[in-house]
2 protein chains.
Amino acid sequence: MAAEVDTALRFSLDLKSGVPYYKQVILQVEMAIVDGRLENGDQLPTVRSLAVALKINPNTVARAYNELEIRGIVNTQQGTGTFISNKKIELSEVEKERILAELTRPYLSNARAYGFSLEELIKHLQSMAG
Amino acid sequence: MAAEVDTALRFSLDLKSGVPYYKQVILQVEMAIVDGRLENGDQLPTVRSLAVALKINPNTVARAYNELEIRGIVNTQQGTGTFISNKKIELSEVEKERILAELTRPYLSNARAYGFSLEELIKHLQSMAG
DNA sequence: TATATTGTACTAATACTTTAATACAATAAG
DNA sequence: CTTATTGTATTAAAGTATTAGTACAATATA
């Protein structure tokens with residue numbers, strides 16, 4: 001960790017992690033939503049203020065915000081700011097299926113390579129989730 | 001789709017998908033494991049034969065096999081070939097449990113982050129495993 | 001041992017990704 | 001209307017990823 005934002009959001013960048021700055025920003029917005037620091041309608045730090053605070057270029061923040069907008073997580077309006085999207089995001093069934101397949105495929109192939117049976121996996125899943 | 005392997009595995013590359021060739025190879029090995037076309041101990045196509053069949057460089061196939069080896073999915077030995085790893089016999093029950101937990105934990109947390117329920121995961125696992 | 005078969009190492013060309021410098025454009029506030 | 005505030009577009013530099021050409025090394029087998 002190195003650069004930190006002096007705000008309730010406490011955004012920060014790990015300069016040595018190798019993770020691109022814009023991806024770190026995306027991740028931190030997502031985490032802030034998950035743990036309630038950001039709610040529907042809340043304004044995010046402005047592109048400039050976050051760029052200054054994190055000591056990176058405004059375009060890098062803007063890129064993060066753009067990706068979040070594409071994912072439907074935020075709404076952006078020039079001159080006004082960037083806000084947590086009010087509408088509830090519903091993934092289409094096709095998108096859900098694709099994501100689920102991408103998550104499950106490597107899990108299943110790894111587990112199979114280790115010799116675990118489907119029954120073992122399901123049993124383990126239930127014990128971890130329950 | 002364009003280049004296809006004339007084998008039971010039916011590996012093929014989508015040349016226009018933008019997905020790197022070596023990643024497509026990894027994906028197809030994983031899928032072959034998942035649906036049972038490859039089992040523990042089975043030999044994969046040799047680096048050269050798959051490279052010729054897919055009309056790509058041997059190094060590209062080798063890179064895919066290397067990543068699969070790092071993930072513990074295959075074992076490679078020069079002069080012999082590349083095989084689906086059969087770790088089952090080498091692992092103690094305690095080790096198996098630990099590995100299963102390490103495989104399952106990130107899968108479960110990722111899937112939960114996307115909002116998938118345990119029931120959805122199990123249903124999907126069963127459909128993928130056939 | 002000789003030879004074929006298997007994976008590996010090194011290098012370079014090309015494309016893509018990431019970030020920043022700088023200037024621009026839309027909206028809000030006075 | 002003027003000015004401050006907000007996001008956007010263009011371009012370029014630097015790094016990283018991807019792939020192939022070529023030569024090498026380990027193992028199996030006759």
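A, B, ... follow the sequence lines: proteins, then strands. Residue 1 opens every chain.
- Closest approach of B:A101 to A:H124, counting heavy atoms only: CA-NE2, 3.3 Å.
- With the nearest nucleotide of DNA chain C identified for both A:Q77 and A:P20, A:P20 has the one nearer the 5' end.
- To the nearest angstrom, C1' of D:dT5 lies 16 Å from CG of A:L44.
- If you take CD of B:E69 and C1' of C:dT6, they are 14 Å apart, rounded to a whole angstrom.
- For B:T80, taking side-chain heavy atoms from C-beta onward, the closest of the listed nucleotides D:dA28, D:dT18, C:dT8 is D:dA28.
- A continuous path of Ile, Leu, Val, Met, Phe, Trp and Tyr side chains, each step under 4.5 Å between heavy atoms, connects A:I122 with B:L103, placing both in one hydrophobic cluster.
- Checking the phosphate oxygens (OP1, OP2) of D:dT8, a side-chain nitrogen or oxygen of A:N66 falls inside 4.0 Å.
- Rounded to a whole Å, the CZ atom of A:R63 is 18 Å from the P atom of D:dG7.
- Among the nucleotides C:dG7, D:dG7, D:dT19, the one closest to any side-chain atom of B:R48 is C:dG7.
- Among C:dG7, D:dT8, D:dT22, the nucleotide with an atom closest to any side-chain atom of A:V47 is D:dT8.
- Rounded to a whole Å, the CG atom of B:L50 is 12 Å from the P atom of C:dT6.
- Here C:dT18 is the nucleotide among C:dT27, C:dA20, C:dT18 with the atom lying nearest to any side-chain atom of A:K23.
- Each of B:N57 and B:Q43 was assigned the nucleotide of DNA chain C with the nearest heavy atom; the assignment lying further toward the 5' end belongs to B:Q43.
- Side-chain atoms of B:T82 never come within 3.5 Å of backbone atoms of B:L44 as a donor-acceptor pair (strictly under, hydrogens ignored).
- The main-chain N or O of B:R37 is found under 3.5 Å from a side-chain atom of B:D35 such that the two form a donor-acceptor pair.
- Taking atom CG on A:N75 and atom C1' on C:dT27, their separation rounds to 16 Å, with Å as the unit.
- Distances shorter than 4.0 Å separate some side-chain N or O of A:T82 from OP1 or OP2 on D:dG7.
- For D:dT18, the base has no donor-acceptor partner in the side chain of B:N59 [N/O atoms by modelled type, under 3.5 angstrom].
- Between A:T60 and C:dA20 there is a side-chain N or O to OP1 or OP2 distance below 4.0 Å.
- For the pair A:I56 CD1 and C:dT22 C1', the computed distance is 17 Å after rounding to whole Å.
- If you measure from atom OH of B:Y22 to atom C1' of D:dT16, you get 11 Å, rounded to the nearest angstrom.
- Rounded to a whole Å, the NZ atom of A:K55 is 23 Å from the P atom of C:dT18.
- Cluster annotation: B:I56 and B:V52 are assigned to distinct hydrophobic clusters (Ile/Leu/Val/Met/Phe/Trp/Tyr, side-chain heavy-atom contacts under 4.5 Å, transitive).
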